[in-house]
Amino acid sequence: MALLNEDFLLTNEPAKKLFHEHAEKMPIIDYHCHLDPKDIYENKNYPNITRIWLNDGNAGDHYKWRLERANGVPEELITGDGDEYQKFLAWAKTINRAIGNPLYEWTHLELKRFFGIDEVFNEKSAPAIWKKANALLQTDDFKPRNLIKNANVKVVCTTDDPASDLHYHKLLKAEEKENGFKVLPAMRPDNLVRINQGNYGEYMDKLSDVSGVKITDLKSLTKALEQRFTFFASMGGSLSDHGLNTFHYAEATDDEFNAIMAKARQDNQSLTDDEINKYQTTLLKVLMRLNQKFGWTMQYHINVLRNANGPMFRKLGADTGWDSMGSQPGIAGEMMKLLSAMSEEDSIPKTILYSTNPNDWMELATGMQSFQGDGVQKLQLGCAWWFNDTRDGMHDQLNILAQQSLLPNFVGMLTDSRSFLSYTRHEYFRRVLCNLIGEWVTTGQVPEDYDYLGKIVEDISYNNAHDYFGFFDKKD
């Protein structure tokens with residue numbers, strides 16, 4: 001059987017029918033990614049495939065970097081200033097050892113869908129692939145905006161600090177009709193939530209300046225954040241995103257919060273665990289109220305062990321491949337405490353819950369069902385995230401969501417990527433989805449009704465995200 005033939009991952013006839021007649025044609029809403037809006041706006045051709053695929057300046061694909069390190073590739077050919085063709089060859093050698101890893105399939109899928117290259121990528125084929133891909137990368141079709149458009153993407157949501165001026169979002173908003181897709185900001189207040197990391201005092205000064213509100217206490221912080229929500233909303237924003245590596249629910253009075261914030265501005269490294277927990281819990285409550293007030297969706301990405309390799313983190317910085325699955329016991333229960341407290345004041349916004357640790361999924365899926373309501377499936381179990389966006393991870397997440405909630409209401413996949421070539425991950429997800437539903441047909445668990453099942457597949461692929469997030473006017 002040919003690699004990535006038209007039916008790869010589709011192991012039954014109903015799955016093939018559902019994918020080819022329903023999922024395959026649907027547009028994409030990529031509601032969480034790490035693309036830089038500056039790159040989209042400037043719309044420059046990449047000089048070679050290494051730069052778009054592996055390493056472009058200080059950014060790159062740390063999924064790939066981790067595999068290369070496992071294959072003994074020197075750092076000079078990963079994040080360093082080594083020759084770009086040699087970096088490409090190092091990736092070819094690595095991917096040849098990566099069977100069973102989703103990156104093996106994603107890599108070949110990207111070559112096939114974007115470049116029309118339908119051969120096994122290895123050290124032997126690499127020179128010809130380098131030549132063909134680089135020639136195509138100089139054409140108009142391979143500028144970032146056309147890569148997005150030609151992948152049938154309708155919305156891209158980037159990841160933006162509350163203090164951002166959203167300069168490139170403003171420029172892109174003015175060209176939205178010409179582009180044929182939306183680029184929207186999603187607020188990610190990690191610098192505010194992680195009170196014990198970085199220079200908290202300087203960040204609060206920056207947030208004060210950009211909001212026009214001098215932040216001295218909880219009340220003024222809330223006012224400053226409301227100003228930022230208003231500004232993001234004016235740029236089309238309707239999502240926030242919160243990275244909670246760990247979380248412990250701890251209530252605090254306003255006076256306690258103010259004292260913790262004042263202490264952190266002087267020396268955030270001296271905070272106790274209890275002070276950090278109280279600060280984060282109170283801040284998340286403020287953010288939940290604002291998300292609900294503005295009609296936004298709040299995403300929680302939880303339970304991650306970040307920057308585990310201290311020397312390499314200090315040398316290369318965050319997001320360079322030193323993270324792993326988190327193991328905080330009971331973190332899902334801590335999230336339920338937060339939801340319970342906000343339920344008392346009817347202040348739970350639309351919410352998506354993700355965890356890198358699949359052991360959390362059942363607790364999150366069952367726990368969220370206690371807080372549904374308001375005429376919409378308000379809470380969702382987020383898609384298989386980060387280390388779990390494998391075939392098995394996606395399959396397991398979909399099964400848990402189906403068994404504990406309502407799969408047909410699911411808002412589907414995202415790329416969580418820094419690459420313009422990652423949209424094939426949506427295809428990969430859709431194939432896994434169709435295969436799972438096809439299995440249910442073959443075992444008699446659901447009717448062989450392709451109008452009914454096809455509509456479910458189309459909804460999960462695109463329609464549900466279209467309706468849930470409110471990115472479009474009703475007529476669109």
Side-chain angles (χ1 to χ4, degrees), residues 1-5 8-9 34 45-138 142 147 308-309 311-313 315-317 319-325 386-393 415-425 427-428:
M1 182 178 291
L3 176 67
L4 300 185
N5 69 358
F8 90 98
L9 298 181
H34 297 276
N45 287 99
Y46 284 82
N48 58 58
I49 191 170
T50 295
R51 294 283 290 277
I52 193 172
W53 224 11
L54 295 165
N55 189 337
D56 184 37
N58 294 323
D61 190 338
H62 52 82
Y63 280 68
K64 296 185 177 78
W65 296 347
R66 289 165 64 89
L67 274 194
E68 290 187 293
R69 291 173 187 134
N71 203 42
V73 176
E75 199 65 32
E76 177 189 9
L77 296 180
I78 302 175
T79 60
D81 57 2
D83 178 79
E84 291 182 341
Y85 180 60
Q86 293 303 315
K87 288 183 176 183
F88 178 75
L89 289 180
W91 178 236
K93 294 176 184 178
T94 299
I95 208 66
N96 193 48
R97 310 297 296 173
I99 59 170
N101 190 298
L103 278 167
Y104 185 87
E105 294 153 83
W106 295 352
T107 294
H108 287 94
L109 196 57
E110 289 170 9
L111 286 173
K112 188 169 185 173
R113 294 291 181 259
F114 287 99
F115 297 96
I117 296 173
D118 191 8
E119 59 182 300
V120 175
F121 177 52
N122 53 34
E123 197 174 0
K124 182 178 178 180
S125 63
I129 290 174
W130 171 266
K131 184 176 180 180
K132 181 175 181 179
N134 289 350
L136 288 170
L137 282 166
Q138 304 318 303
F142 282 79
L147 288 171
N309 186 328
M312 293 306 295
F313 167 62
K315 180 179 179 180
L316 297 176
D319 302 320
T320 52
W322 316 107
D323 311 315
S324 58
M325 182 185 76
W386 202 342
F387 306 108
N388 299 297
D389 54 7
T390 63
R391 181 186 63 178
D392 291 346
T415 64
D416 191 28
S417 174
R418 292 164 173 79
S419 171
F420 290 101
L421 301 181
S422 292
Y423 296 114
T424 52
R425 295 182 192 179
E427 176 186 340
Y428 193 91

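The chain is numbered in sequence order, starting from 1. What you see is a predicted model; the values in this text were computed from it and never measured.
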Over 60° means perpendicular and under 30° means parallel, so classify the ring planes of H108 and F121, tilted if in between. perpendicular
Measuring only between side-chain heavy atoms, which start at C-beta, is L9 closer than 4.5 Å to E105? yes
Smallest separation among heavy atoms of E119 and S125, with atom names: OE1-CB, 3.5 Å
Check whether the side chains of N45 and Q138 place a donor and an acceptor atom closer than 3.5 Å, and report yes or no. no
Kindly say whether G317 contributes a backbone atom to a donor-acceptor pair with the side chain of T320 at under 3.5 angstrom? yes
So do the side chains of L109 and E427 get within less than 4.5 Å of each other, counting heavy atoms only? yes
Got D323 and W386 here, is their nearest side-chain heavy-atom distance under 4.5 Å? yes
Partner residues of W130 under the ring pair (Phe, Tyr, Trp, His ring centres under 6.0 Å) criterion, sequence neighbours left out: Y85, F88
With a 4.5 Å cut-off on side-chain heavy atoms, are W53 and D61 touching? no
Would a distance-only check, ignoring hydrogens and angles, find a side-chain to backbone donor-acceptor pair under 3.5 Å from N71 to V73? no
Under 3.5 Å, is there a donor-acceptor pair between the D416 and H34 side chains? yes
Between T50 (side chain) and K87 (backbone), is there a donor-acceptor pair under 3.5 Å? no
When rounded to the nearest 0.5 Å, the distance separating CZ of R66 from CD1 of I78 is 12.0 Å
I95 and N122, any side-chain heavy atoms less than 4.5 Å apart: no
If the test is ring-ring contact (aromatic ring centres under 6.0 Å, His included), which one of Y46, F420, F115 qualifies with F142? F115
Check whether any side-chain heavy atom of W91 sits under 4.5 Å from a side-chain heavy atom of L67, and report yes or no. yes
The reported gap from CG in N96 to NZ in K124 (rounded to nearest 0.5 angstrom) is 12.0 Å
Looking only at heavy atoms, which two atoms of S417 and S419 are closest? And how far apart? OG-N, 2.9 Å
Reported CG-to-CD distance for the pair L54 and E68, which is rounded to 0.5 angstrom: 5.5 Å
Is the closest basic N to carboxylate O distance between D319 and R418 below 4.0 Å? yes
Residue of the set D118, T424, L4, I49 for which side chain to side chain contact (heavy atoms under 4.5 Å, CB included) holds with L111: I49
Residue pair W106 / N101, side-chain heavy-atom distance below 4.5 Å: no
For the CG atom of N388 and the CE atom of M325, what is their distance to the nearest 0.5 Å? 8.0 Å
Check whether the side chains of Y63 and D389 place a donor and an acceptor atom closer than 3.5 Å, and report yes or no. yes
Distance alone, cut at 3.5 Å: any donor-acceptor contact between the side chains of S422 and T415? no
Kindly check if the number of other-residue, nucleotide or ligand heavy atoms within 6.0 Å of CZ (R391) is above 12? no
I'd like to know if E75 and R69 make a salt bridge, using a cut-off of under 4.0 Å between side-chain N and carboxylate O. yes
To the nearest 0.5 angstrom, please state how far the NZ atom of K131 sits from the CG atom of N48. 15.5 Å
